[in-house]
Amino acid sequence: MTDSKYFTTTKKGEIFELKAELNSDKKEKKKEAVKKVIASMTVGKDVSALFPDVVNCMQTDNLELKKLVYLYLMNYAKSQPDMAIMAVNTFVKDCEDPNPLIRALAVRTMGCIRVDKITEYLCEPLRKCLKDEDPYVRKTAAVCVAKLHDINAQLVEDQGFLDTLKDLISDSNPMVVANAVAALSEIAESHPNSNLLDLNPQTINKLLTALNECTEWGQIFILDCLANYTPRDDRESQSICERVTPRLSHANSAVVLSAVKVLMKFMEMLPKDLDYYGTLLKKLAPPLVTLLSAEPELQYVALRNINLIVQRRPEILKHEMKVFFVKYNDPIYVKLEKLDIMIRLASQANIAQVLAELKEYATEVDVDFVRKAVRAIGRCAIKVEQSAERCVSTLLDLIQTKVNYVVQEAIVVIKDIFRKYPNKYESVIATLCENLDSLDEPEARAAMIWIVGEYAERIDNADELLESFLEGFHDESTQVQLQLLTAIVKLFLKKPTETQELVQQVLSLATQDSDNPDLRDRGYIYWRLLSTDPVAAKEVVLAEKPLISEETDLIEPTLLEELICHIGTLASVYHKPPSAFVEGSRGVQHKRLPATANSPDASSAAAVADAPPAVIPSQGDLLGDLLNLDLTPTTTGPTPAVSTGIQMGAMDLLGGGLDSLTMIDSVWVQVWVPAMKAKGLEISGTFARRAGVIQMEMTLSNKAMSVMTDFAIQFNRNSFGLAPAGPLQVLIPLSPNQSIEVTLPLNTVGPVMKMDPLSNLQVAVKNNIDVFYFSCQYPISILFVEDGKMERQVFLATWKDIPNENESQFQIKDCHLNAASSKLQGSNIFTIAKRTVDGQDMLYQSMKLSNGIWVLAELRVQAGNPNYTVTCLLWVQNT
């Protein structure tokens, strides 16, 4: 009879009976009773009352009974910690048992009992097992160290277990090496900045030797560890690749993907003109193709990984297009993934084959798949220019089928083809217009409206077509409404006399009868443009559009690099970095591919390319705002304590009052983001200019319960183009209740946009928890440059020439100024001349802002009087 009989009893008084049986003298009866207890525990019954009786059964030579008792112990030790201590002596005794299976069983169970009270008693048995003569016990003990570290990291470090683990990497048994690597990798993940796995050529050689002999899961641990190593040069990289390549023929798909990950990473360091590089490319294709003959679920995982590989190195699979052709019995998720890879591999050489296949797919019965296939034809046209005509012809054939969803998808992709190849395929517009009535999906209707508006001058009845859409304007989706508004405005600009009523009607519907703010705003913008400056309206609305490319669906390069480093993991299936879906206190490390041997790192170029275009305000705007800077107290944060009695705002032209400028060493620290508004992250800071460099000096405080990592910072466009000169350097994880001071150097070459107030700065700070936004204001004085001293004669001539509208006068009250000239010069406010008139000292000063605007000032100081008068003139030097 099988063990299923233990799960069928549900009689009353069972606990009492079990207690009696557990204390029986007969070994068989005892074993039967423990089996019944485990069965009850498995189905969710509470049998914790039997804890002392079950623990008494540990004293046995029967391996099966011992396993069952240990299983019970693991389950209930946490809820009965005091009782669990009873088992400690047995653990210690079992760790010295002559049978290695019992020794290993004892150390494995010790690691699974997550009770603090017990851990200190287990250190000595664990130390012995780590040096046991039997490799089975050593490999089990290695994993136990990782489990113990999770419970009490400090204890593991104090007891020297980490050093013992490192020694096990040199073990003679490959499985012990693999488990030591797995344990160290696990511990290193929770301590990202610790150098536990000190990988060097000697260690790598040991790992590669063990790789050939350990089990498949051991191979995966070792390969994952190898992937974290950066070779010294291309020769070492080639040597490692040669020794890893045999793993590509392994039967286990996880081993294959781990090997591919290592090879993809190390290939970056191989020169493309090397013979071995071409050989390696050829070797990578067959194992990837073989993965596609597995069951659908494995196929899908393989395809998601291949999708990444093809984006990074399409040459690996460029001759394997047929493998990705869809089979009739493939599940939909496999079909869609294959379709995506087909488009990525499409080239002039295979486009005829691909198009024939896609046209076939467009006649399938699965609607979702057909839609994707039609879109794929459009993507092929955009990717391979030589095939565009053939693709358009194929799409027209599909439109002739009059299948509703096929026609609608075809119109959507033809719109994109028109964008890519303007003035080339417009002859098909008549055919598209014939199908106008059959369009019922928002995206297809919006695409058709865009085509009619864009090519209104070529369509005789464009006004009638757009008017037919206008009849049910309020029933349309927002996407269609927005497109219709733009299309009618385009039509009006091209045929103003015939469509005046139509444009008035759509503007009225959009602005007066609509609740949608996007639609209303766009309507008002068009209305004002048309009513104030029709020429400008034409330039804006009918501007030449940027061409679209097939690159739009590619993964961003830095993310792709990180995902390549995670091939064979969940990140490669989700196409998201681990930090996007792994929760918890552990810091997730961002991995990058090594610098390629063939081209420089493109990440900086990508960052520049992604920078938003600068919207530069005119110098006149800035002059006006500089003259009108607020001299009243700021309310952006608590007023800092300064030793002198300044009673004026921190954000005036001179950056916090004259006396604050003369106090070069004083720091105005404000809390920019309180912890309650940023999930426990408090950000306080100030701005300073030191040795010609503008600095943002911040204190980051973690007032949450979890570790904070992966800090980054970004500025919005601002009045003076302030931008970070480098990344935010937070080199260690920020633990709970810890603070760290960070200095971020800034430059003034970022995008410019006039802010209100002028010195306002909008900042985004990201960490592993979220992105936090805040605004702060910087003192204008940090923008005063070191070459702001004007020649005396030039100063006098310029002062006379500056018009009155560029002049402003301020009164500064209760400000005590001592040794003014020298201290002001420390803030790049230079005294050009000084004279005394009617008992008043008059200081003439010049300063120059980072954007080239000069500030000329006259400061009137009367002895014994704490009130001053400052006259400022602003001047832009003609270049």
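Counting begins at 1 with the first residue of the sequence.
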Looking at side-chain heavy atoms only, is the closest gap between [X] and [Y] below 4.5 Å?
X    : Y    : result
L761 : S775 : no
V334 : L292 : no
I694 : N747 : no
Q695 : L746 : no
N307 : E337 : yes
R313 : M267 : yes
C380 : L358 : yes
I683 : L700 : yes

Notebook entry, point to check: Could you go step by step and tell me if I713 and L744 meet the side chain to side chain contact (heavy atoms under 4.5 Å, CB included) rule?
Noted result: CA-CA 9 Å; I713 193 165; L744 180 71; 3.7 Å; yes

Would you say the side-chain atoms of [X] pair up with the backbone N or O of [Y], donor to acceptor, closer than 3.5 Å?
X    : Y    : value
N718 : N716 : yes
K703 : L681 : no
Q299 : A294 : yes
S185 : V181 : yes
E556 : L559 : yes
Q311 : I555 : yes
K318 : L345 : no
E320 : L317 : no
D368 : K372 : no
K383 : I343 : yes

Out of curiosity, [X] [atom1] to [Y] [atom2], how far, rounded to the nearest 0.5 Å?
X    : Y    : atom1 : atom2 : answer
F711 : L728 : CZ    : CG    : 7.5 Å
R235 : S239 : CZ    : OG    : 9.5 Å
I222 : K206 : CD1   : NZ    : 13.0 Å
R689 : S850 : CZ    : OG    : 7.5 Å
H566 : L308 : NE2   : CG    : 11.5 Å
L270 : C241 : CG    : SG    : 5.5 Å

Salt-bridge present ([X], [Y]; N to O < 4.0 Å):
X    : Y    : result
E443 : R375 : yes
R312 : E268 : yes
D340 : K335 : no

Notebook entry, point to check: Does the gap between the ring centers of F687 and W672 come in under 6.0 Å?
Noted result: yes

Do other residues, nucleotides or ligands put more than 12 heavy atoms under 6.0 Å from the [atom1] atom of [X]?
X    : atom1 : value
E242 : CD    : yes
D275 : CG    : no
Q348 : CD    : no
Q386 : CD    : yes
Y333 : OH    : yes
E385 : CD    : no

Consider only side-chain N and O atoms of [X] and [Y], and report whether a donor and an acceptor are under 3.5 Å apart.
X    : Y    : result
Q714 : Y773 : no
N252 : R247 : no
D234 : S237 : no

Next item on the list: Would you please test T203 and K166 for side chain to side chain contact (heavy atoms under 4.5 Å, CB included) and show each step?
Entry: CA-CA 10 Å; T203 312; K166 289 177 188 176; over 6 Å; no

Between [X] and [Y], which heavy-atom pair has the shortest distance, and what is it?
X    : Y    : result
L288 : I306 : O-CD1, 3.9 Å
V413 : G378 : CB-CA, 3.9 Å
E236 : P201 : OE2-CG, 3.9 Å
Q238 : L274 : OE1-CD2, 3.4 Å
F266 : P231 : CE2-CD, 3.7 Å
Q738 : S735 : OE1-N, 2.9 Å

Notebook entry, point to check: Considering the options V707, L734, T709, which one meets the side chain to side chain contact (heavy atoms under 4.5 Å, CB included) requirement together with N768?
Noted result: T709

Item checked: Qualifying residue for side chain to side chain contact (heavy atoms under 4.5 Å, CB included) with L199, from I169, L226, L207 -> L207

Checklist line | Audit row: L284, T245, side chain to side chain contact (heavy atoms under 4.5 Å, CB included) steps and yes/no | finding: CA-CA 9 Å; L284 275 168; T245 306; over 6 Å; no

Notebook entry, point to check: For I204 and N200, what are the C-alpha separation, side-chain angles and deciding distance, and is it a side chain to side chain contact (heavy atoms under 4.5 Å, CB included)?
Noted result: CA-CA 6 Å; I204 293 298; N200 53 51; over 6 Å; no

Notebook entry, point to check: Taking the six-membered ring of F324, is NZ or CZ of K338 closer than 6.0 Å to its centre and within 45° of its axis?
Noted result: no

